[in-house]
Amino acid sequence: MTLVEFIVFAPLLAVLAILFGSPARATAIVAAVANLAAAGLMTLRFPVEVESKGQVIFASSRNLLASPNLNLAFGLDGISLVLVILTVLVTLAAVWASPAEGRIKGNVKLYYSSSLLIASGALGAFCATDLFFFYAFHELALIPTFLMIGIFGSGENRKRTAWTITIFLGVGSLILLAGLIALLVETGGKSFAFADLYAVGDKIPADAQKNIYLILLIGFGILVSLFPFHSWAPPAYAQAPTPVAMLHAGVLKKFGLYGLIRVAMPLLPEGAAHWQTLLLVLLLGNILILGLVTIAQRRLDTLLGYSSVMHMGYVFLGIASGNTIGLHGAVLLMFAHGISIALLFALAGAVRERMGTLDMDELGGGLAKKAPALGLLFGFAAFASIGLPGFANFAAEVMVFFGSFQPILETKKLGALQWAGILSLWGVVISAVYMLRAYRKIFKGPLTDKDAKAGIADLTLTERAPALLLIVALMAVGFVPGLLLKYLTPTLEAIAMSLKG
Amino acid sequence: MPAYALEIIVFSLGLVLLLVDAFAKLEDKRSLAWLGMLGLVVVFGLLFKVEPRAADDANVFWRFYSDSRMSLFFKGIAILSTILVLAMAIDYRGLIEKFTAPAEKKAHPQAGLGEFFALPVFACAGLMCMASATNLVSIFVSLEAVTITFYVMVAYMRRNVGSLEAGVKYLILGALSTGFLVYGFAWLYGITGSMDLAEIGAALKSGDVSPTAALFAFSLILVALGFKVGAVPFQMWIPDVYQGAPTPITAFLSVGSKAAGFIVLLRLSAVFLGSEAVAGQVAMAFAVVAGLTLIVGNLTAIPQSNFKRLLAYSSIAHAGFLLTALAAAPRKLEAGQLSSATVVAFYLGAYLLMTLLAFLVVGLVRVHRDSEEIEAYRGLGKSSPFLALALLIAMASLAGVPLTAGFFGKFFVFQLAIQGGHWWLVTLAAIGAGAGFYYYLKVVAAMYWDDPTGAAAKAAAIPVSALTRAAVVTLIVLIVIAGFAPRMILGLIG
Amino acid sequence: MDTGLTLNHFLAVSGILFAIGLAGVLIRRNIIVIFMCLELMLSAANLTLVAFSRFNTGANGAPDYHGQVLLFFIITVAAAEVAVGLAIIVALFRARETTDVTQIASMKN
Amino acid sequence: MDVNTIAWLILLLPLASAAVILLGTKKSAGISALISTGSVIATLVLSFLLLAQPDTAAAKPLQWLSLGDFEVTIGLKLDSLAQGMMIIVTGIGTLVHVFSLGYMHDDAGKARFFAGLSQFMFSMTGIVLADNFAMMFIFWELVGVSSYILIGHWYDKDSAADAAKKAFLVNRIGDFGFMIGILLVWVLTGSIYFDEIAKAIGGVQNANLLNAAVLLVFCGAVGKSAQLPLHVWLPDAMEGPTPVSALIHAATMVAAGVYMLARVSFLVGAAEMAADTIAIIGGATALLAALMATQQNDIKRVLAYSTLSQLGYMIMAQGLHDGSDAGMFHLYTHAWFKALLFLGSGAVIFACHHEQDIWKMGGLRQKMPITFWTFLIGTAALIAVPGTSGFWSKEAILEAAWHDHNYLVWGLGIAVAFLTPFYMTRLFVVAFLGKPRTKDADHAHEVSPIMWVPLAILAVMAVISAYITGPLEAKGHVAFHMSLTAILSLAGLVVGVLAGWKLYAGCDRDPVNIKLFANKFYLDELYLGIVRLFQDFVGMTFDAVDRYLIEPITVRLPALAAMSSGYVLRLLQVGNLQAYGFLFGLGAVVLIWLIVF
């Protein structure tokens, strides 16, 4: 068993253990810590110089079917490694930030198992080097999410929300599946292995590339909440229990972006070029239209939900630029956004637990007086998410923007990509507006309803730990982006090369 | 041992059960079911010991009998589903007794129970024959043997109006389809001059046969077999019959009967698809029927509130996916490609696992909660977590969630359809599968989201016998393993 | 013996017979009559089989007996079907006291 | 110590101090304050050491981002411009820290306050020493956050919390342009490093794009240095503790825009149209802010508008041909005397129990003699009394405008020269002279030495700084030529002071009432309207579109379609055997017809 296999299956084993009576919270934390350790070990042993396109490290493969060639195959390239680190960090934080067993009203086993299943699904999808399992693992999260929102979600509409996210993502996955199969058929349909796909991928005719890329863009787009396929996301994140919101918004949503970078773009470069303008228009929808929608939100949870959707626009911008800088920015932003949104949801969960609501008008304000640590950590999270230097988000966004201008270094003529970059930059202002407004409304200002808030306690140490873990990760990468970038460069350069044609 | 020995053994087993029931004066007739299961388990084991037909074996059987891997696979499906149906029947016996016990006070309460355990074994023998039939006559006879047995089994609860109504509906429409079948067979025989499928295929291929007549025969046969597998517009019987029949029989119908219907459809369609002159029309017909079936099956399932009826529509929906595979049958198979037949067989294998798992739970809930409405499943996640988990996995697999057996089936079907360029069928299938997420998860939502209401609120956990527990665990494990490694099933097909 | 009858005559008659049977099934309300019409459809098939059997002569001029074999099976199966079918219909009549198929619709939608 | 150590220590000491306070000594305010003050004193010493370095000095860079050709480093440029600016920053920083030890002595958030100051020192140092645009942008943003934290130090006051938010957001708008500008410069010259851009700038062909790029870079300065139309945040920023106003919102941070333009003066010089625009915006800001200052009653706000006005001068200079040095010179002198004025006002406010309305003061001359005299010196420097530092630097700017033949800008500058003495005289007369008008003013007494010693030092600097320009020697020096400009500005001084004296001596309330000026030309209201439009109206509209159009189309409509077709289709299942038979037959006939024909 390789480390990668361990990391994918450890949460599943933990689920089995929980099912057979092992204490849920302890088991989940042990599994998450073990995964973190394994991920750390892999990072240390990951060679920075990876030579060829599609090369993966720690590869393992178990043949399941000879014809067509189907393998339970895992391995890491640079992108996977970064996303695995993201996943294990967020998983640990999510499990940790889950309420203690006594405070969960309902099936404790289900609560913790669901988080672990979502984590395992994400890890499997990021590590798989076989198209089939790449797709299949992602779906592992579908039913746990459905159950968790339906049972433990907050708000009266939680059932409708659970249905919406499940059906929407289910249909999105089906569209994606159709696209992936079409891709498979175009490559001969004999093998699911990424390596085999890359080997024949260049020969797909241009027309087929365009059609398939469009299907994949829509399919992946739905999973990433690309405008206008985003309606499932904000209410789902708002109403999901904290660990699910953290894992879903932080980690799982990155799958679609990962898929675009890892599968769609290298195999369908002409398709990517052909639909670039469409993607630019849609991502501006994410950033500008949904950014303004975010401003109009009156509840912290939907605000965070929309903000998470909005920020996807920047990742898409990096992807649309298709050059090394932009792609690095995109992947780093996936990491940074994942951590920061998970952090925000964790802290929002803490606020909800204390105040019983996340409606900003009802919350009143001045919470920082009663819970200074919560206020401070939320401030960190808010500033991280609006891209303050020192946090990984800033480095990533800067690269995305430089990436969008890089193609005209020679011509010096502004094109669609650059205009999109300029307009997207306005989103930086928008996100500052809504984040600071929320921070101001909830934490700053005079303390209202003093009596009602008399019993509000600050974060306990258990609650602080996951937040600190995430903040440290964000700042470490923010100060030294090279920590992660060095792993990405070989992989992304190869992809950027294939896009150039 | 040649393959046909198995049918003989199973048939004899059925006779033995009848005789024991008649003469042994059993106090508890469950032992009949145990005996039947034991016998079938042995036969299932023998399935792996079958010796292929020797080249010089001129036994008359081989003139209408095939022992291909595919046939053996479908025999396996028949035997397995019969075993599980018998297991279910044991749990279900209370209801059978209630609706069949003789009116006289002194009569044994199980007086009407014996045949309920014997008849499935006969049906199994018929299904096994169908799996191997390669001749119009043997197809017809084995098909009817199965169908008539099912008439009896569906209407078995003779004091229950629902069961009787189901029986009558099945009887009339089944007989109607038989009429179409034999008329079609007559024409097929007439234009090709043979009863043997291989010879018929050769005749059609040769081009001496009028394509119009051939298509006429095909359409009659399609009507009849469409009825058997539940293809739209011949699906009307399915919801009512599934709902009315005793639950183990519903399970049997939806797995065994459907599987047998498909192997016959596969065999016959191969004959027509082999002929250039008619293949286009035949594929078109399949595509139309598949599209209709996908839409009607999946969409009509959405508003259902009775779980058995929902499973009936789901059965129609799955027929839609299977027909899609037939419609998208590649003309020329390339290396590394799965044929339609393989895909259908795999799909049915996976379908067996998940459907029987679902029906196992349905039967138990019917017995202990006295209801088949989805309402009755509220709170099952709390009161009977084991059964709820089993049903959750069954539903996930039926919905086609990856890493379950059901997903691979759908995956292969999509692959065939996309390979064939049938994009509108793909679209309909995607819509159908999307709707599937809704109606399957509806049950899951009831089990886990909702608190039980009414009588169910006070009900204790549903007791699960060791046999049922073993069956449930086995099915769960198989569903998950097949979800990772389809070779488990594909390897059997060959 | 040449009666001037060709295969087409037989096929036409059997086709009409089949259509009559089908129409009966669709139109009549009495379940017993419907059942009889179903038997009529089987007879139509039988007639077709015999006709083909008679006109598909082999090399030696003898009829092709395969068709007649199927015919006998059909007759046998039909008998079994009637036996079972009538039993069910009787049971239903006891329970519902009607033979009108339009009255049998407790399960729907 | 070698240059590397010195430079990196200057940058990192304040960061370390902030981190230590945040992570460790947060609980003990006294120690935190000492750590912070210690670090700034150390950096002041180090900055003096830095003066010994040659103009070409640079510290070994640290790599931050590296992707093939694209590299962003944290590199320290230690030329004389940076050296001089460091003296200003750390010098005033030290004095403000010391002053704060007294001013914030009893504040509950003292530790937080000093951590914020240290963080600001770190960020500001980063801007000063940056050798490339990306690094400058990083610290640019960090400075914004420091300012946010410090303005909102008393965050439980609504006005402070709002002012902090406003400052950050308005700056973000400027940064939006700044970032695009950086990107365009990068595209045009292929580099983000100042040295390389300077080399490549001659080869840039596309004049339009270059103008656009420079103007967009200038947007950053508009935000940070509070120029029109983004000036609105600075007066509100006075909600912060007064030492913060002195350090950040008068002497250093707001000057960052000017410093940045000076840093890239070669860029501005290459873009004619952009340069003209910069000069005009600077001049307009100077004039409008001065007009607004004439009608303010809050002592800090008067000073804030005067800061705006002086910043307008400096920006104006940056847009002038050969004016950059004059602008930097003014920045240098202004930093001292404006810090002095702010700290002086802080002492006044402290003494009057946090009373800021000048009409509620009066008669402080007797109560607080040291503050009075130092404030007088500061005022003299600001209104450019000949001999004080402010006189020399302002003359330099006005001369530069004259020599550039940019008469519009020159005219604006001269007009401001008339207004500045007027409103400063008004402030001084009302606050310090006459009789105490309230109890608070009556009970005021001189502040403790820890607060007045910095005032004294600054007062000295306010006079002599123009004569000891040190590393900035090249930027400006004391030289007087009789010219039209000089005559007019001296006339302005006399007229302004006399008018102020005449109007305000002995008044108890404002005899002049110009609503337009008092209400800042209603610009805040206008902006509030625009923000409302976007935040509330457009946001709500899109929200409604999202909620009632996109969501239904993508979610509810398909769901409804599937559900309703399900309900329709189930109606086909009538349950009647005859109907089934009929459908069966119909289906069979249609299918046969379809297949056969």
Side-chain angles (χ1 to χ4, degrees), chain A residues 12 19 62-70 72 106-107 109-110 120-121 124-125 132-133 135-143 146-153 158-159 162-163 166-175 177-186 188-191 211-212 215, chain B residues 330 334-338 381-382 385-386 388-389 392-393 395-396 399-404 407-408 410-421 423 426-427 429-438 440-442 444-451 480-481 483-488 490-491:
Chain A
L12 288 180
L19 215 54
R62 287 157 206 265
N63 187 269
L64 298 174
L65 205 58
S67 165
N69 183 11
L70 175 70
L72 183 59
N107 193 334
K109 289 180 179 180
L110 185 75
S120 172
F132 181 86
F133 286 102
Y135 175 84
F137 265 102
H138 168 253
E139 298 287 286
L140 206 54
L142 193 71
I143 290 183
F146 175 75
L147 290 176
M148 284 291 271
I149 297 180
I151 302 173
F152 300 106
R158 64 168 190 273
K159 291 186 182 174
W163 278 120
T166 309
I167 304 295
F168 212 110
L169 291 188
V171 172
S173 316
L174 285 168
I175 296 173
L177 179 65
L180 290 179
I181 292 178
L183 185 64
L184 200 65
V185 168
E186 285 296 333
K190 294 191 186 71
S191 173
N211 294 335
I212 297 174
I215 302 174
Chain B
E334 286 173 33
Q337 258 183 6
L338 294 174
K382 268 189 205 136
F386 174 68
L389 181 67
L392 167 68
I393 289 172
M395 290 298 113
V401 174
L403 303 184
T404 60
F407 176 68
F408 263 115
K410 284 212 175 70
F411 183 88
F412 291 141
V413 169
F414 271 91
Q415 194 178 1
L416 275 178
I418 290 172
Q419 225 152 33
W423 278 100
V426 174
T427 312
I431 293 173
F437 281 122
Y438 175 74
Y440 291 120
L441 290 182
K442 206 159 82 168
V444 175
M447 290 193 299
Y448 285 98
W449 289 3
D450 299 334
D451 289 325
V480 173
I481 294 181
F484 272 96
R487 190 189 296 183
M488 183 189 94
L490 282 176

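So that the names make sense, note that chain A is the first sequence line, chain B the second, and so on, each numbered from 1. This is a predicted model, so every value here is computed, not measured.
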Visitor: Under 4.5 Å from any heavy atom of chain B, what part of A:Lys109 do you find: side chain, backbone, both or neither?
Guide: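 Neither; nothing under 4.5 Å.
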
Visitor: Sort B:Tyr448 into side chain, backbone, both or neither according to what part of it lies under 4.5 angstrom from a heavy atom of chain A.
Guide: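 For B:Tyr448, the contact with chain A is made by backbone and side chain together.
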
Visitor: Below 4.5 Å from any heavy atom of chain A, which atoms of B:Leu441 appear? Answer side chain, backbone, both or neither.
Guide: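 For B:Leu441, the contact with chain A is made by backbone and side chain together.
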
Visitor: Measure distances from A:Asn63 to the heavy atoms of chain B and classify the residue's part below 4.5 Å as side chain, backbone, both or neither.
Guide: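 For A:Asn63, backbone and side chain are both near chain B.
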
Visitor: Is chain B contacted by the side chain of A:Leu72, its backbone, both, or neither, given a heavy-atom distance below 4.5 Å?
Guide: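 For A:Leu72, the side chain is the part near chain B, not the backbone.
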
Visitor: Checking heavy atoms, do the side chain of A:Leu183, its backbone, both or neither come under 4.5 Å from chain B?
Guide: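 No part of it gets close to chain B.
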
Visitor: Using non-hydrogen atoms and a 4.5 Å limit, figure out which bit of A:Leu184 sits close to chain B: side chain, backbone, both or neither.
Guide: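 Looking at A:Leu184, just its side chain touches chain B.
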
Visitor: Let me know if A:Leu64 has heavy atoms under 4.5 Å from chain B in its side chain, its backbone, both or neither.
Guide: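 Backbone plus side chain of A:Leu64, per the 4.5 Å heavy-atom cut-off to chain B.
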
Visitor: Select one option (side chain, backbone, both, neither) describing which atoms of A:Ile175 are under 4.5 Å from chain B's heavy atoms.
Guide: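 For A:Ile175, there is no contact with chain B at all, as no heavy atom is under 4.5 Å.
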
Visitor: Ignoring hydrogens, what is the shortest heavy-atom contact between B:Leu338 and A:Pro68? Give both atom names and the distance.
Guide: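 Scanning both residues, the minimum pair turns out to be CG-CD, 4.2 Å.
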
Visitor: Working to the nearest 0.5 angstrom, can you tell me the gap between A:Leu65 CG and B:Met488 CE?
Guide: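 Answer rounded to 0.5 Å: 12.5 Å.
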
Visitor: Just so I understand: if I count every heavy-atom pair under 4.5 Å between each of B:Phe411, B:Phe407, B:Trp423 and chain A, which residue has the most?
Guide: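 Winner by heavy-atom pair count: B:Phe411.
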
Visitor: What I'd like to find out is whether the side chain of A:Leu169 reaches to under 4.5 Å of the side chain of B:Phe437, using heavy atoms alone.
Guide: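 A:Leu169 vs B:Phe437: side chains apart.
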
Visitor: Contact between A:Ile181 and B:Val426 at the side-chain level, heavy atoms closer than 4.5 Å - yes or no?
Guide: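 SC-SC contact between A:Ile181 and B:Val426 ruled out.
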
Visitor: Among the options A:Ile143, A:Asn107, A:Thr166, A:Leu19, pick out the one with the most heavy-atom pairs lying under 4.5 Å from chain B.
Guide: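 Counting heavy-atom pairs under 4.5 Å, the top option is A:Ile143.
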
Visitor: Do the rings of B:Phe408 and A:Phe132 sit parallel, tilted or perpendicular, given the 30° and 60° boundaries?
Guide: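 Ring orientation, 0 to 90° scale: parallel.
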
Visitor: Please state whether the side chain, the backbone, both or neither of B:Lys410 comes within less than 4.5 Å of a heavy atom of chain A.
Guide: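 Neither; nothing under 4.5 Å.
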
Visitor: For B:Ile418 and A:Ala182, which heavy atoms make the closest approach, and how far apart are they?
Guide: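 Smallest heavy-atom distance, with atoms named: CG2-CA, 3.7 Å.
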
Visitor: Using ring-ring contact (aromatic ring centres under 6.0 Å, His included) as the criterion, list what pairs up with A:Phe146, not counting sequence neighbours.
Guide: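 Partners of A:Phe146 under the ring-ring contact (aromatic ring centres under 6.0 Å, His included) test: A:Trp163, B:Trp449.
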
Visitor: Dump the intermediate steps for side-chain contact (heavy atoms from CB on, under 4.5 Å) on B:Thr404 and A:Glu139, then the final yes or no.
Guide: CA-CA 11 Å; B:Thr404 60; A:Glu139 298 287 286; over 6 Å; no

Visitor: Considering non-hydrogen atoms only, spot the tightest contact between A:Val171 and B:Gly434 and give its length.
Guide: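 Closest approach of A:Val171 to B:Gly434, heavy atoms only: CG2-CA, 3.9 Å.
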
Visitor: Under a 4.5 Å heavy-atom cut-off, does chain B meet the side chain of A:Phe152, its backbone, both or neither?
Guide: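 Neither part, no heavy atoms under 4.5 Å.
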
